[in-house]
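Scroll down for the structure; my scribbles are underneath it.
Order of the sequence lines fixes the chain letters, A, B, ..., with proteins taken first and strands second; residue numbering starts at 1 for each chain.
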Number of protein chains: 2
Amino acid sequence: MAKPLLTAPAELDHFDLAILDILQRDNATPQRVIGEAVNLSAPAVQRRIKRMEESGVIQANVAVLDPARLGQPITILVEVEVESERIDLIDAAKKSFAAAPEVQQCYYVTGEADFMLVIIVASMAAYEGLTRRLFFANHNVKRFRTVVVMDRVKASLAIPLI
Amino acid sequence: MAKPLLTAPAELDHFDLAILDILQRDNATPQRVIGEAVNLSAPAVQRRIKRMEESGVIQANVAVLDPARLGQPITILVEVEVESERIDLIDAAKKSFAAAPEVQQCYYVTGEADFMLVIIVASMAAYEGLTRRLFFANHNVKRFRTVVVMDRVKASLAIPLI
DNA sequence: TGTCTTGCGCAAGTTTGTTGCATGAAGGAG
DNA sequence: CTCCTTCATGCAACAAACTTGCGCAAGACA
């Protein structure tokens, strides 16, 4: 009679996967249309979506904007190497990078570098200012390598759902 | 009397930016709530959103999913170096990378490497299979460097809107 | 076999999104 | 300086979508 855990695994069936596949392409798709696509009624679709939102499988529902149209045409990748891998210093670096709005993505990685950042800025001058705040101001940053993106060939967060 | 261009620049005012800032956090926010936040009526918000969707400022509306909960817990970054930078070969590589669903992001970059990929896979075995299809099968790929992500500190597509 | 649980579809109710219309501000031409 | 056109707004009505209660059927378990 024990209640299931709050974060129950809640395995996903093929209906759920089909719904997610639609939502991660266009989450404005009406539930009625989704229902027709997966052979389920609209309320059934709605309940499944709600469950997946509450369980965290669906993390967010967001609009994807065009950076170039918003005056932020430059994408930059940065490999960051730190001086010390002491856990508290690493955590501090993570928080610092994650808190910067210009940092779209931050990965803590194996290999020569320790962090890999994806950054969006309006200009190289803006990037220069950001390096001061993010890297030069952090004494644990040993060095960083800047790579400028010429073409944003593909940029999504979609996950292959088999 | 000439009609404005189809892709008119359509400059954005501070209302638009405020709306976008809300939408790129949560695009399920009711227009009424957005209206209250930006001091505009719901229909005004709706018309601005529609215009920005049509003009391409809003590129998509998507659900963000948790890769780990969907059996794809491994994120990998790959630097790819090509043999020849002949434009047709580069374009072919772009198409090939962009077509792979495991490739979340693909950047064509300056510097030593030519491409930087962000890849999501279920297992290292799956990644090994992907390298065969994506890199070993492409004779223009000179070499590639694999970096495994230990922590996905931050992963979004949000743009700083000042 | 009986019971419990779970998820479904249907239908009604509620919220949200959408459109027609009149008003007022901004810009240009006469 | 005034008229006229354009454009975006708010209000109100309408349409569409989301949400919930309910009865039912299928599977799990004793």
Side-chain angles (χ1 to χ4, degrees), chain A residues 1-66 69-71 161, chain B residues 1-66 69-71 161:
Chain A
M1 209 45 167
K3 266 291 186 63
L5 300 176
L6 268 181
T7 50
E11 55 183 274
L12 305 168
D13 61 19
H14 73 101
F15 284 119
D16 291 317
L17 293 178
I19 292 169
L20 291 175
D21 201 35
I22 293 172
L23 291 181
Q24 76 172 345
R25 294 174 207 284
D26 179 9
N27 71 358
T29 311
Q31 295 168 353
R32 175 183 48 79
V33 174
I34 298 174
E36 290 165 4
V38 304
N39 269 344
L40 229 45
S41 70
V45 171
Q46 129 80 10
R47 287 186 266 251
R48 283 168 178 268
I49 292 174
K50 188 183 177 193
R51 189 189 335 136
M52 292 190 285
E53 281 175 344
E54 289 172 347
S55 77
V57 173
I58 297 175
Q59 293 183 322
N61 288 287
V62 305
V64 180
L65 312 182
D66 183 344
R69 295 288 293 277
L70 289 160
L161 295 180
Chain B
M1 208 44 168
K3 267 291 186 63
L5 298 177
L6 268 182
T7 50
E11 57 182 274
L12 305 168
D13 61 19
H14 73 101
F15 284 119
D16 291 317
L17 294 179
I19 292 170
L20 291 175
D21 201 35
I22 293 172
L23 291 181
Q24 75 172 346
R25 293 174 208 283
D26 180 8
N27 72 358
T29 312
Q31 295 168 353
R32 175 182 48 79
V33 175
I34 299 174
E36 290 164 5
V38 305
N39 271 343
L40 230 45
S41 68
V45 171
Q46 129 81 11
R47 286 173 195 126
R48 282 168 179 268
I49 292 175
K50 186 182 177 192
R51 190 192 332 135
M52 292 190 285
E53 282 176 344
E54 288 172 347
S55 77
V57 173
I58 297 175
Q59 293 183 323
N61 289 287
V62 306
V64 180
L65 312 183
D66 182 346
R69 295 288 294 276
L70 289 159
L161 295 180

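Candidate nucleotides dC18(D), dA17(D), dC10(C) were compared by shortest atom distance to the side chain of Arg47(A), and dC10(C) ranks first. Counting only heavy atoms from C-beta on, Arg48(B) has its side chain closest to dA8(D) among dA8(D), dT19(C), dC8(C). Picking from dT19(C), dT9(D), dG9(C) the nucleotide with the shortest atom distance to the side chain of Pro43(B) gives dT19(C). Residue Pro30(B) places its side chain closer to dT16(C) than to any other of dT16(C), dC8(C), dG10(D).
Nearest heavy atom pair, residue Arg48(A) against residue Leu40(A), reads NE-CD2, 3.6 Å. Residues Met52(B) and Ile19(B) approach most closely at CE-CG2, 4.2 Å, considering heavy atoms. Of all non-hydrogen atoms in Glu11(A) and Asp16(A), the two that sit nearest each other are O-OD2, 4.3 Å.
Protein atom NE2 of His14(B) is 13 Å distant from nucleotide atom C1' of dA8(D), rounded to whole Å. Rounded to whole Å, atom C1' of dT5(C) lies 14 Å from atom CZ of Arg51(A). Asn39(B) places its CG atom 19 Å from the P atom of dA8(D), with the value rounded to the nearest Å. The CG atom of Asp26(B) sits 13 Å away from the P atom of dT16(C) (whole-angstrom rounding). One atom, CG of Asn27(B), and another, P of dT16(C), lie 15 Å apart when rounded to the nearest Å. Remark: C1' of dA17(D) and CG of Asn61(B) are 16 Å apart, rounded to the nearest angstrom. Distance, Ile34(A) CD1 to dT19(D) P: 12 Å, rounded to whole Å. Between the CG atom of Leu40(B) and the C1' atom of dT18(C) there is a distance of 16 Å, given to the nearest Å.
A sub-4.0 Å separation between OP1 or OP2 of dT18(C) and a side-chain N or O of Gln31(B) is present. Listed pair Gln46(A) / dT19(D) meets the phosphate criterion, a side-chain N or O lying under 4.0 Å from OP1 or OP2.
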side-chain contact (heavy atoms from CB on, under 4.5 Å) between Asn61(A) and Asp26(B): does it pass, once the steps are laid out?
CA-CA 5 Å; Asn61(A) 288 287; Asp26(B) 180 8; 4.3 Å; yes
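For the pair Ile58(B) and Val64(A), the minimum side-chain heavy-atom distance is 4.5 Å or more.
Each of Lys50(A) and Arg32(A) was assigned the nucleotide of DNA chain D with the nearest heavy atom; the assignment lying further toward the 5' end belongs to Arg32(A).
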